[in-house]
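Values below: every heavy atom of this structure, side chains too, minus hydrogens, waters and symmetry copies. Keep in mind the model is a prediction, meaning the values are calculated, not measured. Numbering of ligands and ligand atoms starts at 1, following listing order.
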Amino acid sequence: MQHLYVHVPFCVRRCSYCDFSIAVRKRIPTNEYVNAVLTEMRSADPGPAARGGPISTIYFGGGTPSLLPPEAITTLVDKLLRSADPGPAARGGQEVTLEANPEDVTPDHAKAWRASGINRVSLGGQSFDDTVLKWMHRSHDAARIGAAMHALRGAGIENISLDLIFALPDELHRDWERDLDMALALRPEHLSLYGLTVEPRTPLDRWISRGATHAPDEERYAEEYLFAHRRLSADGFVFYEVSNAARDGFRSQHNSAYWSGRPYVGLGPAAHSFDGTTRRWNLRAWEAYRRAIAEGRSPVESEERLTGEQQELERVYLALRTDEGLAITAPYRPLPPLMSRGWLVEHNGRLRCTPEGWLRLDSLVNELDMHTETQQ
Ligand code: SF4
């Protein structure tokens with residue numbers, strides 16, 4: 001089984017909080033991009049664990065993949081699927097996700113995406129408050145989110161995820177409860193909730209340094225995160241990962257592959273690949289990536305082979321990120337201090353994070369790790 005990630009770096013502008021690897025372009029260099037990704041795909045050697053077998057998931061992330069013309073998406077889906085299985089039965093049964101911004105979702109685009117094999121859309125809604133959307137430098141307004149959901153449903157896309165950002169600065173007076181209610185009223189199958197973080201060299205970072213806004217506050221972060229757990233659980237969602245909640249049968253198969261430590265192949269600028277022991281990542285900037293491919297060089301910027309210790313730490317971290325949890329085997333026994341704080345619970349022979357535990361995932365994993373070291 002192969003899991004493919006395709007990074008589409010183009011955006012029409014940079015959002016105020018974003019430090020992703022993007023290329024702001026008015027005109028998308030579609031042909032150059034598609035040719036570069038397909039060339040990389042033909043020459044990439046993802047390693048034996050990631051290579052081979054049918055493709056089970058493809059994820060177009062970005063950037064803004066919905067800026068690509070639908071024909072380009074059709075070509076990419078078709079060629080990527082056929083690269084693994086040239087026979088006529090190459091298509092069918094895979095989860096194929098497209099990240100989309102609401103303003104790009106027209107009824108015609110949605111129909112064309114569905115025809116090209118896209119069966120899951122992750123929609124960057126972020127908020128239903130127009131003042132907040134403007135502050136974020138998003139290029140859609142709140143009304144576009146509902147219109148986009150409607151267009152996707154009309155095209156037969158039955159698996160839609162909505163992204164929302166929480167823990168915004170106080171002065172925006174964002175009503176998180178109202179935003180969650182508006183999101184739920186649209187009946188998405190999946191929700192991804194991300195707390196605002198201040199990344200260096202973003203517009204938000206500059207606004208904070210000159211005192212024009214405040215850094216998000218930890219208390220608000222915890223309050224809104226825990227409120228979302230209660231509100232979404234009451235609506236039938238299950239948080240199956242620290243930031244992701246789904247209705248029954250709609251967990252992201254692609255992201256679940258990452259979280260269970262399975263190999264994957266990344267194509268495009270800044271994309272990461274993992275073969276089970278070694279992680280490789282491509283040149284971040286679109287121009288550098290494009291040049292490397294055009295000159296017949298590898299676009300891989302660097303790689304890191306995980307030591308046994310790193311692999312184990314990663315396994316623990318990933319297991320605790322999800323509701324699968326960590327098997328209670330030596331040396332991971334329930335630790336009285338962590339259990340009494342209510343951060344972990346025992347469930348069917350596994351340690352699972354509570355929502356309070358997920359709020360402190362990094363420190364919890366460190367504590368668990370330090371404890372096991374002292375036991376050895
Ligand atoms: S659309 Fe997404 S990737 Fe592009 S700038 Fe905004 S947050 Fe970043």
protein heavy-atom neighbour closest to atom 3 (S) of ligand 1 works out as G63 N, 3.3 Å
Heavy atoms from other residues, nucleotides or ligands near CD of E199 exceed 12 (cutoff 6.0 Å): yes
Is C18 close enough to atom 8 (Fe) of ligand 1 to have an N, O or S atom under 2.8 Å? yes
Please list, in number order, the atoms of ligand 1 under 4.0 Å from a heavy atom of F20. 3 (S)
Has R138 got any heavy atom lying under 4.0 angstrom from an atom of ligand 1? yes
Go through R174 and W176 one step at a time and tell me if the side chain to side chain contact (heavy atoms under 4.5 Å, CB included) criterion holds. CA-CA 6 Å; R174 195 273 191 90; W176 178 229; 3.6 Å; yes
Below 4.0 angstrom from a heavy atom of Y17, which ligand 1 atoms are there? Numbered from 1 as shown, please. 7 (S)
Below 4.0 angstrom from a heavy atom of I22, which ligand 1 atoms are there? Numbered from 1 as shown, please. 3 (S), 5 (S)
What do you reckon, is NE2 of H214 surrounded by more than 12 foreign heavy atoms closer than 6.0 Å? no
Considering only heavy atoms from C-beta outward, does the side chain of L162 approach that of I145 to under 4.5 Å? yes
Run the salt bridge (Lys or Arg N to Asp or Glu O under 4.0 Å) check on E224 and R231 step by step: do they pass? CA-CA 10 Å; E224 294 191 349; R231 183 68 190 84; over 6 Å; no
What residue and atom, counting heavy atoms only, is the protein's closest point to atom 4 (Fe) of ligand 1, and at what distance? C11 SG, 2.3 Å
Nearest non-hydrogen protein atom to atom 1 (S) of ligand 1, with distance, is N101 ND2, 3.5 Å
Heavy atom under 4.0 Å from ligand 1: found in R13's side chain, backbone, both, or neither? backbone
Any ion pair linking E295 and R290 (charged N to carboxylate O, less than 4.0 Å)? no
Between N101 and R144, is any side-chain donor less than 3.5 angstrom from a side-chain acceptor? no
Atom 4 (Fe) of ligand 1 reached by C15 (N, O or S, under 2.8 Å): no
Indicate whether any N or O donor in one side chain lies under 3.5 Å from an N or O acceptor in the other, for N282 and E40. yes
I need the atoms of ligand 1 closer than 4.0 Å to a non-hydrogen atom of T64, numbered in the order shown. 1 (S), 4 (Fe)
